[in-house]
Amino acid sequence: MQPSAAPDLADLAHTHARAGHWLATATATAAVVALAGLFQPGPAGATAGPAAPRPAPAPEATGAGYPLDCGGGAVTIAGRATGDLDGDGNPETVAVVHCEAGSGTPPSGVYVLTRGKGDGDPARVVATLVEPGRLQNVTGLAVRDGAVHATLLGYSSPDVPSCCPDEKEQVSWRWKGGAFVRSGQADARGA
């Protein structure tokens, strides 16, 4: 057998790792990983640009000027729902409002509100969906999929006692062509 020309590995200094060597290697590796994280490219297809603006908060129903004559009495906000109704990315508020009454159930109005023109300005009524003069009460108000949904309770004649509405409609309104378009189905309820 011929002796090897290569030195014995046990005699080489670099094959005897010491704690300092491993500490220096670990520190250098951590630094490379940290720097690589800072210089990562963005996701494929992403472009740098301004962030999309956040939608404004929904308008507050309190403080709006409702077209409701309460004869000097207070206005009661009986319900509210919010959602983007016109597709502009900002929510509107739909409010069910009636005059405060000591007893009984006064007729409701349903109004769509948008933000005031300036910061700090109260919300503005931009549409009336139900006039209080129709003598209806509103229940089950919701905004879903860009439409307003409500249940309207009413009376088939003036002879029906105000305690006991005998008509019920499931209605919805959707913004189309610059106006709210109503659809619904009536259910007459017998006494």
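FYI, the numbering just counts along the sequence from 1. Just so it is clear, the values below take in all heavy atoms, side chains as well, and ignore hydrogens, waters and symmetry mates.
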For the atom pair [atom1] ([X]) and [atom2] ([Y]), what is the distance rounded to the nearest 0.5 Å?
X	Y	atom1	atom2	value
Cys70	His98	SG	NE2	9.5 Å
Thr62	Ile77	OG1	CD1	5.5 Å
Thr151	Gln170	OG1	CD	3.5 Å

Could you tell me whether the side chain of [Y] reaches within less than 4.5 Å of the side chain of [X], counting heavy atoms only?
X	Y	answer
Val75	Glu100	no
Val112	Trp173	no
Asn90	Arg115	no
Pro132	Leu68	yes
Thr82	Val143	no
Asp166	Tyr155	yes

Donor-acceptor pair, distance only, cut-off 3.5 Å: does the side chain of [X] make one with the backbone of [Y]?
X	Y	answer
Asp84	Glu92	no
Gln136	Leu152	no
Thr76	Ala78	no

For residues [X] and [Y], report the shortest heavy-atom separation together with the two atoms involved.
X	Y	value
Pro59	Thr93	O-OG1, 2.6 Å
Pro122	Gly63	CB-O, 3.4 Å
Ala95	Leu113	CB-CD1, 4.3 Å
Pro106	Asn137	O-ND2, 2.9 Å
Pro67	Thr128	CG-OG1, 4.2 Å
Val160	Ser156	CG2-OG, 3.7 Å

Exercise. Among side-chain atoms of Ser172 and Ser183, is any donor-acceptor pair under 3.5 angstrom?
Worked result: yes
For this session: Quick one: sort the Phe180 and Trp175 rings into parallel, tilted or perpendicular, breaks at 30° and 60°.
Result: perpendicular
Problem set entry | Residue pair Leu129, Val171: steps toward the side chain to side chain contact (heavy atoms under 4.5 Å, CB included) verdict | CA-CA 10 Å; Leu129 303 180; Val171 297; over 6 Å; no
Exercise. What's the verdict on side chain to side chain contact (heavy atoms under 4.5 Å, CB included) for Arg174 and Val181, showing C-alpha distance, side-chain angles and the deciding distance?
Worked result: CA-CA 5 Å; Arg174 187 170 294 280; Val181 177; 5.6 Å; no
